[in-house]
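Just below is one structure, and these are the notes that go with it.
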Amino acid sequence: MKLQMNPYILVDGSAREAIAFYQEALGAVVLFKQTMGEGPQNPDAPMTEQEKAQIAHAVLLAGETKFFVADYEPGMPRSRGNSINICLTVETEAEAQQLFTSLKAGGTVDIELAPAYYSPAYGMVTDKFGVCFQIFMDNRK
């Protein structure tokens, strides 16, 4: 199994500020950035212009390490332990399912593993030690 682990920093509405800070403090380079408004919209739950402007996902490179920064999704509460989580990137759905199943034992499922517009298999689980993991299948070849 090819496995990649990346720190994922979630902030409450200040992702743009955090990105600028890490660019200055760590010499980080922004490799990718997408706002919530650039993703698919749910007509039953329209976002405000402020929510649309928030960062849905950004990939930064500092030295040889990629890390991710985003704002919490609208309505997602900030809780102890979910400000920084680890994103596990795999190549197959079977690998994603195996990691998800293993990590949820004794823990809690935050987002069920399922297809998302950005991944064929994405889920989030907090393990029994309170560590939050995102499982992400990268479909870019």
Side-chain angles (χ1 to χ4, degrees), residues 1-48 50-141:
M1 168 190 324
K2 181 179 175 187
L3 176 66
Q4 178 182 339
M5 296 177 70
N6 302 92
Y8 205 124
I9 301 168
L10 293 170
V11 295
D12 196 8
S14 59
R16 288 181 191 281
E17 182 181 340
I19 290 166
F21 174 78
Y22 295 128
Q23 286 178 297
E24 181 68 27
L26 303 175
V29 175
V30 177
L31 303 178
F32 175 83
K33 183 169 55 173
Q34 181 180 33
T35 65
M36 292 188 188
E38 292 171 319
Q41 304 297 302
N42 179 352
D44 296 327
M47 286 189 224
T48 66
Q50 183 179 356
E51 289 170 336
K52 287 179 183 180
Q54 290 185 328
I55 302 298
H57 184 64
V59 179
L60 285 78
L61 179 67
E64 295 181 14
T65 301
K66 284 184 185 176
F67 65 102
F68 309 142
V69 178
D71 287 306
Y72 286 105
E73 290 188 33
M76 182 179 183
R78 182 177 183 160
S79 63
R80 186 169 190 251
N82 74 351
S83 293
I84 297 179
N85 45 83
I86 298 171
C87 186
L88 304 174
T89 302
V90 296
E91 295 180 322
T92 69
E93 288 183 54
E95 291 169 335
Q97 185 62 58
Q98 185 270 322
L99 288 170
F100 189 82
T101 300
S102 296
L103 289 166
K104 76 177 184 178
T108 58
V109 173
D110 302 309
I111 299 173
E112 282 291 341
L113 186 69
Y117 78 92
Y118 47 83
S119 173
Y122 174 80
M124 187 182 255
V125 62
T126 300
D127 73 10
K128 62 184 176 182
F129 302 105
V131 178
C132 187
F133 289 89
Q134 294 184 47
I135 291 86
F136 171 77
M137 181 188 155
D138 189 355
N139 63 346
R140 296 171 295 161
K141 298 282 179 184

_With Thr65 via side chain to side chain contact (heavy atoms under 4.5 Å, CB included) - residues at least two apart_ = none
*To the nearest 0.5 Å, tell me how far Ile9 CD1 sits from Asp71 CG.*
12.0 Å
*Would you say Gln54 and Asp12 make side-chain contact, with heavy atoms under 4.5 Å?*
no
Let me have the donor-acceptor pairs involving side chains of residues 21-34, under 3.5 Å, with sequence neighbours excluded, atom names and distances please.
none

*Should Phe67 and Leu61 count as side-chain neighbours, where that means a heavy-atom distance under 4.5 Å?*
no
*For Phe68, what residues pass the ring pair (Phe, Tyr, Trp, His ring centres under 6.0 Å) criterion, not counting sequence neighbours?*
Tyr8, His57
*Is there any side-chain hydrogen bond (donor to acceptor under 3.5 Å, both in side chains) pair reaching into residues 97-107, and which pairs are they, with sequence neighbours excluded?*
Gln97-Thr101, Gln98-Ser102
*Can Arg16 and Ile55 be said to form a side-chain contact (heavy atoms from CB on, under 4.5 Å), step by step?*
CA-CA 7 Å; Arg16 288 181 191 281; Ile55 302 298; 3.8 Å; yes
*Are side-chain heavy atoms of Thr89 and Leu3 found at a separation under 4.5 Å?*
no
_Determine whether a donor-acceptor pair (N or O, by modelled atom type, separation under 3.5 Å) exists between the side chain of Thr92 and the backbone of Glu95._
yes
*Supply the atom-to-atom distance Leu60 CG to Asn6 CG, rounded to the nearest 0.5 angstrom.*
11.5 Å
*Inter-residue atom distance Met5.CE - Leu88.CG, 0.5 Å rounding*: 5.5 Å
*Please collect all salt bridge (charged side-chain N to carboxylate O under 4.0 Å, His left out) contacts where either partner lies in residues 50-67, sequence neighbours excluded, each pair once.*
Glu49-Lys52
_Smallest separation among heavy atoms of Ala96 and Val90, with atom names_ = N-CG2, 3.6 Å
Output a table of donor-acceptor pairs, distance under 3.5 Å, between side-chain atoms of residues 119-136 and any protein atom two or more places apart or on a different chain; print 'none' if there are none.
unit_1, atom_1, unit_2, atom_2, d
Ser119, OG, Ala121, N, 3.2
Ser119, OG, Ala121, O, 2.8
Ser119, OG, Met137, N, 3.3
Ser119, OG, Met137, O, 2.7
Tyr122, OH, Gln134, OE1, 2.6
Thr126, OG1, Asp110, OD2, 2.6
Asp127, OD1, Phe129, N, 2.8
Asp127, OD1, Gly130, N, 3.0
Asp127, OD1, Val131, N, 2.9
Gln134, NE2, Asn85, OD1, 2.6

*asked:* Tell me whether Glu38 contacts the main-chain N or O of Ala53 through its side chain, where contact means a donor paired with an acceptor under 3.5 Å.
replied: no
